[in-house]
2 protein chains.
Amino acid sequence: MNPKLRLVKQRHRCEHCLFRRFFLSAGLNCDEIDQAGQTTTTNIGPYRPGEYLYHAGEQCNALYVVHAGTVKTEMVTFDGDLHVSGFYLTGELFGADGINKRNFVADAVAVENTWVCELTFDNWEKLAMDYPGLQGQLISELGRVIAHKELEALSNHYHLLEHRLMSFLSDLLNRIKERQGQQSNEIELAMTKTDIARYLGATPESISRALSKLEKSGYIKNTKRKIYILKDQSCLDAVI
Amino acid sequence: MNPKLRLVKQRHRCEHCLFRRFFLSAGLNCDEIDQAGQTTTTNIGPYRPGEYLYHAGEQCNALYVVHAGTVKTEMVTFDGDLHVSGFYLTGELFGADGINKRNFVADAVAVENTWVCELTFDNWEKLAMDYPGLQGQLISELGRVIAHKELEALSNHYHLLEHRLMSFLSDLLNRIKERQGQQSNEIELAMTKTDIARYLGATPESISRALSKLEKSGYIKNTKRKIYILKDQSCLDAVI
DNA sequence: CGATCCATTGAAGCCACTCAAGCCCGGTGG
DNA sequence: CCACCGGGCTTGAGTGGCTTCAATGGATCG
């Protein structure tokens, strides 16, 4: 990641940005937030689809939030298969796997045209000295990540691929709604279905069949780039 | 969890306790550590095998570390299957899934006779005010948990159960060695093989068969309560 | 010493994978 | 403009690994 080549002027505020929420919760007022954002965070992009933000093993010096677009993190299994470990939407934190050992566990790749917001650990520590509440905000967010991964692991153990897929789609929709703050049943897929397959530990063929089954059962409507959720996930147990 | 009924006098220091490492890293000297430990942490136990430490959904007011014994966390899938989301050995942090929303995502159950060390968020915040380095320690530890879960998810997608099982055993051995600080190839299993099955998303029958295969291939020696690792996990790709 | 749970082994069925082919669509170049 | 190409998506048949169902042996505990 080379900021010098890619630095773009921040045109609009990071409305949904996690860092902004941190600052708000820590008690900063609007002016302070603007100042803190401009002096401590760096906006990087655009990354083109398929472009790497960083590679596994590289040094990690910062926290990252998706400013616009979508990021996936992926790793290669010992037998050469590609595994997508997560998708990250606008406003979401990613790269937290690098915090402990200061280098990344997974690659990060842009799924679509993407900008990210970088906040170096150095700047974070300076901010944290001025605003002690910030550390607690980060701890809380990391706890959220852990809880989410726990639930992710749970649904990864559903026997039928249809169920894992439905659970993934529901989670995606929830995160979209959380960001937009409005009801919607539409998921605009930034990632390919092959990527979804790699995330769920399945083949594209199986995903295709599972989507067909879910559609036939009336749970979703499946188009090329969009998926509509027609029933709540709580109806899942009725899926046969 | 009722401290009043269960509070036992702390007989020996928490040598391997995560909290102790936090205090050390934050720059406390031995006297301060002893004082901080005695005034802010509570030692609870013994929990008997199968006994619940807390249930999913209950309020979470503290950080927990295994003082002695083994803890498993588990959740029930929508179709009634039990899923073990993690095993926690002496000295390891658990319950971090409750930090964000202040209530637990998974149940915590004692696997063997177990004592745990409790540090309430209230006490944590008091400590953090006196020793600012502590917050960073916790952030780092949560980052470690996230990185571990990422790698866990990776190996959960290995195609063959033998590989997932071998990966689990290697991870377990690494954690044991990390605590003991000595080389060893022996894993004393606190959990049943049925629990391992529930952790790996498999049936006890499949685990039994996978263990047999790994033993025939010379990777492990399998006894009732102990497993010996005979080859490094890096040889995994040779498993057929 | 019976009861219970765990572990193991065998036989049959099912789901997802593999291999293969065809379709759709966007991009490229003649 | 159109032919060509390539990647992603879909559908079909056959294989393989894990599950299910069933039965037995062994260990622990009241």
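Below, each value reflects all heavy atoms present in this structure, side chains not excepted, and no hydrogens, waters or symmetry copies. In what follows, chains are A, B, ... by sequence order, proteins preceding strands, each numbered from 1.
- Among the heavy atoms of the strands, none lies under 4.0 Å from A:G50.
- Across the protein-nucleic acid pair, B:L211 atom CG and C:dT8 atom P stand 7 Å apart, rounded to whole Å.
- Atom NZ in A:K193 sits roughly 14 Å away from atom C1' in C:dC23 (whole-Å rounding).
- As a whole-Å value, the separation of A:I207 CD1 from C:dC15 P is 16 Å.
- Rounded to whole Å, the distance from CD on A:E112 to C1' on D:dG8 is 17 Å.
- As a whole-Å value, the separation of B:H163 NE2 from C:dC17 C1' is 16 Å.
- Judged as a salt bridge (Lys or Arg N to Asp or Glu O under 4.0 Å), and not counting sequence neighbours, the contacts of A:K226 are A:E186.
- In this entry the distance linking CG of A:D79 with C1' of C:dT18 reads 15 Å, nearest Å.
- Contact annotation: A:S206 side-chain N/O to C:dC15 OP1/OP2 distance is not under 4.0 Å.
- Taking 3.5 Å as the limit, the base of D:dG12 and the side chain of A:R209 contain a donor-acceptor pair of atoms between them.
- For A:L151, the side chain to side chain contact (heavy atoms under 4.5 Å, CB included) criterion is met by B:M75, B:V105, not counting sequence neighbours.
- With respect to the salt-bridge test (charged N to carboxylate O, under 4.0 angstrom), the residues B:E141 and B:R144 qualify.
- Between A:R198 and A:E74 no salt bridge is recorded (no basic side-chain N to carboxylate O distance below 4.0 Å).
- If A:L161 and A:E205 are placed on DNA chain C by their nearest nucleotide, the residue sitting closer to the 5' end is A:L161.
- OP1 or OP2 of D:dT19 has at least one side-chain nitrogen or oxygen of B:T203 nearer than 4.0 Å.
- For the OP1/OP2 pair of C:dC6 and a distance below 4.0 Å, the side-chain nitrogens and oxygens of B:T194 include no atom meeting the criterion.
- The side chain of A:N222 places an N or O atom within less than 4.0 Å of a non-bridging phosphate oxygen (OP1 or OP2) of D:dT10.
- Counting to the nearest Å, the P atom of D:dG17 and the CG atom of B:L165 are 16 Å from each other.
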